[in-house]
Novice: 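I have a structure I would like to understand better, so I am pasting it below and will then ask my questions one at a time.
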Amino acid sequence: MKKIVIFASGSGSNAENIIKYFEGNRKIRVVALFCNRPDAFALERARRLGVPGIVFDREELTSADGVSARLRVLGADLIVLAGFLWRMPAIILEEYPGRVINIHPALLPAHGGKGMYGERVHEAVIRAGDKKSGITIHHVNEQYDEGAIIFQTSCDVEPGETPGSLATKIHALEHAHFPAVIRVLLERQHGTTRNNTPYNKYTT
Ligand code: GAR
């Protein structure tokens with residue numbers, strides 16, 4: 001059994017979508033949702049789906065007997081940041097090399113970095129006059145949004161597009177692709193992905 005741990009800070013629609021995607025999968029399961037905000041709706045979504053929610057603060061994220069100790073007890077195989085807004089500390093990244101991934105709601109390296117999350121990203125895309133936006137799933141390192149890219153897909157930014165309408169398109173792309181990319185990554189850990197499928201050509 002491969003175990004996914006999700007980190008989220010806000011609404012948690014991606015977290016919910018990932019949890020549901022792996023319901024009934026005998027080889028892969030979401031075992032916990034870690035959250036830095038006790039009032040985040042992500043915790044409620046996890047609770048409704050029977051996934052334990054774990055709330056932590058900044059000190060617990062960086063201390064040896066805090067979040068990293070709990071991850072070890074859970075036996076996490078992949079840490080998935082789904083709308084998680086704090087930087088992952090070295091203590092966790094060093095213990096899970098290549099096994100912490102993030103989703104960003106734009107085509108990195110454009111429109112990433114500290115403070116670039118959610119609506120702010122979509123506002124920046126529209127302000128820049130970009131004709132395309134999209135999603136980027138990438139490995140996490142100690143710099144915001146700079147780890148190696150695993151998967152990207154794009155959508156058009158149409159005339160009259162608003163941050164809200166773009167957010168709707170981006171969420172649809174995230175929900176359509178993020179779980180399947182996670183599955184391919186975990187199957188690769190198993191060594192069971194057929195033909196060594198590149199992530200950008202994964203099949204659902
Ligand atoms: C998602 O669009 C995700 O890409 C973004 O936050 C949203 C969370 O939505 N993440 C970032 O901006 C990280 N820089 P959700 O809470 O509904 O899953």
Novice: Indicate the atoms forming the closest heavy-atom contact of L33 with A15, along with that distance.
Specialist: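 Answer, listing the atom of L33 first, then A15: CD1-CB, 3.5 Å.
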Novice: Evaluate the side-chain contact (heavy atoms from CB on, under 4.5 Å) criterion for residues K114 and Q143: first the C-alpha distance (whole Å), next the side-chain angles of each, then the deciding distance (0.1 Å), finally the verdict.
Specialist: CA-CA 9 Å; K114 188 169 164 53; Q143 309 308 319; over 6 Å; no
Novice: Parallel, tilted or perpendicular: which one describes the rings of F56 and F84, with boundaries at 30° and 60°?
Specialist: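 Answer is tilted, since the angle falls between 30° and 60°.
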Novice: Just wondering, are more than 12 heavy atoms of other shown residues or ligands nearer than 6.0 Å to CZ in R29?
Specialist: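 Incorrect, the count does not exceed 12.
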Novice: Answer yes or no: is there a donor N or O on one side and an acceptor on the other, between the side chain of N102 and the main chain of H138, under 3.5 Å?
Specialist: no
Novice: Any link between V181 and I18 through a network of hydrophobic side chains (Ile, Leu, Val, Met, Phe, Trp, Tyr) touching at under 4.5 Å?
Specialist: yes
Novice: If you look at every heavy atom in A90 and E142, which pair is closest and at what distance?
Specialist: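 The pair with the smallest heavy-atom distance is CB-OE2, 3.5 Å.
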Novice: Is there a donor-acceptor contact under 3.5 Å linking the side chains of H175 and S13?
Specialist: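 Checked: H175/S13 side chains pair up, N/O donor to acceptor below 3.5 Å.
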Novice: Same hydrophobic cluster for M88 and V67, using side-chain heavy-atom links shorter than 4.5 Å among ILVMFWY?
Specialist: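 Linked, M88 and V67 end up in one cluster.
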Novice: What's the spacing between L185 CG and K2 NZ if we round to 0.5 Å?
Specialist: 11.0 Å
Novice: Return yes if a side-chain donor-acceptor contact under 3.5 Å exists between E161 and S165, otherwise no.
Specialist: yes
Novice: Show the nearest heavy-atom pair for residues D145 and G113, with the distance to one decimal.
Specialist: OD2-N, 2.8 Å
Novice: In terms of side-chain geometry, is the basic nitrogen of R120 or E123 positioned less than 4.0 Å from the acidic oxygen of its partner?
Specialist: no
Novice: Atom CG of L71 and atom CD of E95: how far apart are they, to the nearest 0.5 Å?
Specialist: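 That separation rounds to 7.5 Å.
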Novice: With the side chain counted from C-beta on, respond yes when L74 and K3 share a heavy-atom pair under 4.5 Å apart, and no when they do not.
Specialist: no
Novice: Which residue, N14, I19, L81, forms the side-chain contact (heavy atoms from CB on, under 4.5 Å) with I6?
Specialist: I19
Novice: State plainly whether one hydrophobic cluster holds both I54 and V30, where clusters connect Ile, Leu, Val, Met, Phe, Trp and Tyr through side-chain heavy atoms under 4.5 angstrom apart.
Specialist: no
Novice: Do side-chain atoms of H104 reach the backbone of H111 as a donor and acceptor pair under 3.5 angstrom?
Specialist: yes
Novice: When you look at L61 and F7, which way does the side-chain contact (heavy atoms from CB on, under 4.5 Å) test go after all the steps?
Specialist: CA-CA 11 Å; L61 183 61; F7 280 65; 4.2 Å; yes
Novice: Apply side-chain contact (heavy atoms from CB on, under 4.5 Å) to the pair L166 and V121, showing each step before the final yes or no.
Specialist: CA-CA 10 Å; L166 188 52; V121 178; over 6 Å; no
Novice: Test your reading of the model: is there a side-chain donor-acceptor pair from D156 to the backbone of E158, 3.5 Å cut-off?
Specialist: no
Novice: Hey, is the main chain of S133 close enough, under 3.5 Å, to the side chain of D130 for a donor-acceptor pair?
Specialist: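 Side chain of D130 to backbone of S133, a donor-acceptor pair under 3.5 Å: no, none is there.
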Novice: In terms of hydrophobic clustering (I, L, V, M, F, W, Y; side-chain heavy atoms under 4.5 Å; direct or indirect links), are F34 and L93 co-clustered?
Specialist: yes
Novice: Is any side-chain heavy atom of L49 closer than 4.5 Å to one of E16?
Specialist: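 In contact.
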Novice: Check the pair M116, Y144 against side-chain contact (heavy atoms from CB on, under 4.5 Å), reporting the backbone distance first and the verdict last.
Specialist: CA-CA 9 Å; M116 289 299 279; Y144 280 106; over 6 Å; no
Novice: Shortest non-hydrogen contact from T136 to A106?
Specialist: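 Where T136 meets A106 most closely, the heavy atoms are OG1-O, 2.6 Å.
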Novice: What are the two closest heavy atoms between I91 and S68, and how far apart are they?
Specialist: CD1-OG, 3.8 Å
Novice: Quick check: closest heavy atoms across H139 and G98, and the distance to 0.1 Å?
Specialist: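 Answer, listing the atom of H139 first, then G98: CE1-O, 3.4 Å.
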Novice: Starting from the C-alpha separation in whole Å, work towards a yes-or-no answer on salt bridge (charged side-chain N to carboxylate O under 4.0 Å, His left out) for E44 and R47.
Specialist: CA-CA 5 Å; E44 174 62 15; R47 192 192 60 74; 2.9 Å; yes
Novice: Roughly how far, to the nearest 0.5 Å, is CD1 of I135 from CG of L108?
Specialist: 11.0 Å
Novice: Are Y21 and I137 grouped together when hydrophobic residues (ILVMFWY) are joined by side-chain heavy atoms under 4.5 angstrom apart?
Specialist: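 The answer is yes; both residues are in one hydrophobic cluster.
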Novice: Rounded to the nearest 0.5 Å, what's the gap from CD1 on I101 to CZ on F178? Could you check?
Specialist: 4.5 Å
Novice: Quick one: pull up CD1 in I79 and OH in Y96 and give me the separation to the nearest 0.5 Å.
Specialist: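 Output value for this atom pair is 5.0 Å.
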Novice: Donor-acceptor pair, S154 side chain versus K132 backbone, under 3.5 Å?
Specialist: no
Novice: Applying salt bridge (charged side-chain N to carboxylate O under 4.0 Å, His left out) to E60 and R70, what does each step give before you reach the verdict?
Specialist: CA-CA 10 Å; E60 286 165 321; R70 299 198 72 161; over 6 Å; no
Novice: If I take atom CD1 from residue I150 and atom CD1 from residue I182, how far apart are they, to the nearest 0.5 angstrom?
Specialist: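 So the gap between those two atoms works out to 9.5 Å.
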Novice: Quick one: does any side-chain atom of S11 pair with a main-chain N or O of F41 as donor and acceptor, under 3.5 Å?
Specialist: no
